[in-house]
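Order of the sequence lines fixes the chain letters, A, B, ..., with proteins taken first and strands second; residue numbering starts at 1 for each chain.
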Amino acid sequence: MLEIKNLHARIAESGTEIIRGLNLTVNAGEVAAIMGPNGSGKSTLSYILAGREDYEVTEGDILYNGESILELEPSERAAKGIFLAFQYPVEIPGVATMQFLKVAINEQRKARGEEELKTPDFMRLVKEKAGELKIDPDMLKRPLNVGFSGGEKKRAEILQMKLLEPKLCVLDETDSGLDIDALKIVAEGVNALRSPDRAIIVITHYQRLLEHIVPDTVHVLYKGQVIRSGDKELASELEANGYADIIDAAA
Amino acid sequence: MNIQAKTQRTAAEQGLIDAFSALVSDLPGDTSVTAKRDRLMADFGDAGLPSRRVEAWHYTDLRTLLREVPNHLPGETASQLRPILDGSEVLPLLGGRYVEPRDIEGLKVGSFREALMNGWATASLDALRPDDAIGRINGAFVMDGYTLKLAADAAPEKTIELQSVQNGGQAHGRFRLEAEAGSRATFIERHAGGEAAGLTTSVTEIDVAEGAELVWVIVQERGGEDTHLGQLRAKLAKDANFKLYVINMGGKLVRQEVDIAVDGEGAHFDLRAINLLAGQSHTDITLTLGHSVPDTTSQEIVRNVVLDRARGAFQGQIRVSREAQKTDAQMACNSLLLSDDGEFDAKPELEIFADDVICAHGATVDDLDPVHLFYLAARGVPEKIASALLVKGFVEELLDELDDEALTDALKERVEDWLDAHV
């Protein structure tokens with residue numbers, strides 16, 4: 001589903017190279033964890049997948065279902081089924097969460113040539129999915145992410161994911177700022193989305209989240225490269241020994 | 001003695017003087033009113049239209065911007081419009097004339113013409129200050145309008161829409177409201193226009209008595225060739241609460257002045273202003289706000305969306321007198337500049353003579369936030385639609401503060417119609 005080939009990318013403004021020859025393949029049905037110390041390029045990778053302009057790809061390619069997505073606008077990538085759950089969901093004053101959800105769902109449907117969802121159907125769908133995540137309906141009337149607690153923001157991200165039903169989900173540090181109860185709700189939400197035709201990339205610093213979302217593969221990112229890949233045991237090994245051994249071994 | 005070379009009259013100044021001569025015998029009023037009008041016009045003849053050299057008009061050089069004035073007649077027939085909020089009581093002022101005053105639950109309605117005829121209105125015709133060009137022109141020319149008295153503790157259920165509709169020509173109207181103690185009501189002061197270029201002035205005087213709570217919404221949607229000069233003066237008594245909205249989304253040359261005297265302890269004033277500016281229009285909101293007694297509060301938030309070659313200005317002057325301890329006054333002016341050729345000037349001015357007060361002001365000028373746009377794009381919302389959504393959010397945030405959901409929705413609809421047509 002996703003094939004990243006020898007990817008090099010830098011910050012557009014400063015020219016600092018962050019991703020330095022990254023290779024990664026994630027198949028449909030797979031949950032891949034990307035781990036790594038701070039500054040290894042994890043969040044940058046997630047932004048590049050979503051198409052953020054602040055980064056410039058200088059070499060290599062990202063293939064999604066066999067096609068390069070480098071030339072696609074962020075909204076086009078989203079409509080094709082790529083979803084980034086933000087580490088820091090953005091607060092948007094004045095735009096009610098409900099209104100935003102409706103626009104997002106219908107813009108994606110329009111882009112795919114599907115009919116727009118009618119308001120009653122939309123309301124029913126949101127109510128159902130919000131209930132599964134224990135989201136208070138009043139929260140959806142509030143401006144998007146404004147004044148939401150850390151847990152509410154992350155749940156709102158997962159709600160969007162459930163509603164938009166993407167094919168490739170990228171979760172950037174979704175566990176940060178969550179207490180254990182919220183973490184479980186979020187993990188359940190993600191697990192419910194596991195399916196043979198969907199791939200999920202879980203970017204995380206700690207193993208904690210991976211106890212709840214058990215990955216099929218684990219990749220260690222360091223200085224903009226995947227320096228080691230393995231199965232879920234690799235995560236436990238990292239938890240026990242830290243990154244130093246692996247970094248030394250790769251050096 | 002300061003002797004200045006007399007500058008030549010502009011076409012617009014001469015036009016107003018000629019219009020006054022043509023109209024004077026038909027203007028309503030008793031002898032005191034007539035004398036006052038003559039006096040105001042003589043003052044106008046001396047002062048002329050204010051130029052940028054007059055401090056209060058620095059950003060709106062009326063002498064240059066108002067090139068000519070249309071015919072003094074009231075223009076083409078204007079017909080009553082559907083109210084902004086369905087089910088509102090409408091008091092129309094069509095082509096400068098009221099239709100027929102009729103009392104509304106808790107609200108006594110009279111005509112301003114009558115107040116002129118019997119001389120009640122004489123004192124209020126004075127200009128507020130030597131640089132008060134709007135008060136002066138309106139006082140000289142005013143023909144009609146409404147006088148309203150909201151009875152003590154009255155709380156009319158329906159919103160009352162004062163609807164001034166003008167298509168070309170000139171009209172000079174006045175609204176006067178006395179909200180007695182403990183009354184509560186919501187008013188919309190709407191100024192609509194047509195295709196023909198018109199000149200309108202409008203002065204609103206409001207007394208908010210002890211404990212009264214008023215919401216007053218000015219919706220200015222004059223035509224694209226119109227000049228509109230508005231002024232609202234309000235006095236707030238003890239524990240009064242006055243929430244004023246100014247929504248500018250029309251006109252070619254617009255100035256709305258707001259003059260507020262917070263004179264009673266425990267009183268609170270709110271201004272929420274939305275300027276939607278496009279084309280080559282020029283729009284100015286000028287606030288003068290005085291806190292004269294202890295323990296009063298005020299908050300002003302102005303949001304501007306500037307497109308094309310439009311220009312806007314907000315001047316906010318807050319005066320806190322020596323006695324007005326514990327005043328809390330907050331002012332913010334935020335502009336979204338969506339065009340390289342647009343301009344918005346913000347001028348806050350604080351004059352604080354008390355030592356135990358909280359006063360703050362801030363102004364920002366931004367483009368849309370790329371982080372916001374990226375977040376929306378990452379959810380599949382294309383840039384154009386995301387921009388529109390963000391611009392709506394930027395201004396509609398202020399409308400969400402209204403307690404009346406139906407009114408919020410009705411105002412949002414108008415704002416969105418404008419944004420859909422322009423952004």
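- Proximity to chain B is limited to the backbone of A:E91, based on heavy atoms less than 4.5 angstrom apart.
- More than 12 heavy-atom neighbours from other residues, nucleotides or ligands sit within 6.0 angstrom of CG on A:D197.
- Annotation: B:D340, atom CG; neighbour count of heavy atoms from other residues, nucleotides and ligands within 6.0 Å does not exceed 12.
- Using a 4.5 Å cut-off between heavy atoms, B:I385 contacts chain A through its side chain alone, with no backbone atom that close.
- Other residues, nucleotides and ligands contribute at most 12 non-hydrogen atoms within 6.0 Å of the CD atom of A:E67.
- Taking 4.5 Å as the limit, every side-chain heavy atom of A:E73 sits out of range of all side-chain heavy atoms of B:P382.
- Using a 4.5 Å cut-off between heavy atoms, A:L144 contacts chain B through its side chain alone, with no backbone atom that close.
- For A:R77, no part lies near chain B; criterion is any non-hydrogen pair under 4.5 Å.
- The environment of NZ in A:K42 is crowded: more than 12 heavy-atom neighbours from other residues, nucleotides or ligands sit within 6.0 Å.
- Crowding of B:K412 atom NZ: a count of heavy atoms from other residues, nucleotides or ligands under 6.0 Å exceeding 12.
- Within 6.0 Å of NZ on A:K5 lie no more than 12 heavy atoms contributed by other residues, nucleotides or ligands.
- Here the closest non-hydrogen pair linking A:A78 and B:A378 is CB-O, 3.5 Å.
- When A:P89, A:A111, A:S75, A:P143 are compared by the number of non-hydrogen pairs under 4.5 Å with chain B, A:S75 comes out ahead.
- Side-chain atoms of B:R379 do not come within 3.5 Å of backbone N or O of A:F83 as any donor-acceptor pair.
- Inter-residue side-chain proximity for B:L376 and A:I92 is flagged as met; some heavy-atom pair is nearer than 4.5 Å.
- Closest approach of A:V95 and B:L389 over heavy atoms only: CG2-O, 3.6 Å.
- Ring geometry, A:Y47 versus B:F374: the interplanar angle exceeds 60°, so the pair is classed perpendicular (tilted spans 30 to 60°).
- Looking at heavy atoms from C-beta onward, B:H372 lies in side-chain contact with A:V90 at the 4.5 angstrom threshold.
- Enclosure of atom CD in A:E53 is not indicated, since only 12 or fewer non-hydrogen atoms of other residues, nucleotides or ligands lie within 6.0 angstrom.
- In the displayed structure, B:E383 atom CD is contacted under 6.0 Å by at most 12 heavy atoms of other residues, nucleotides or ligands.
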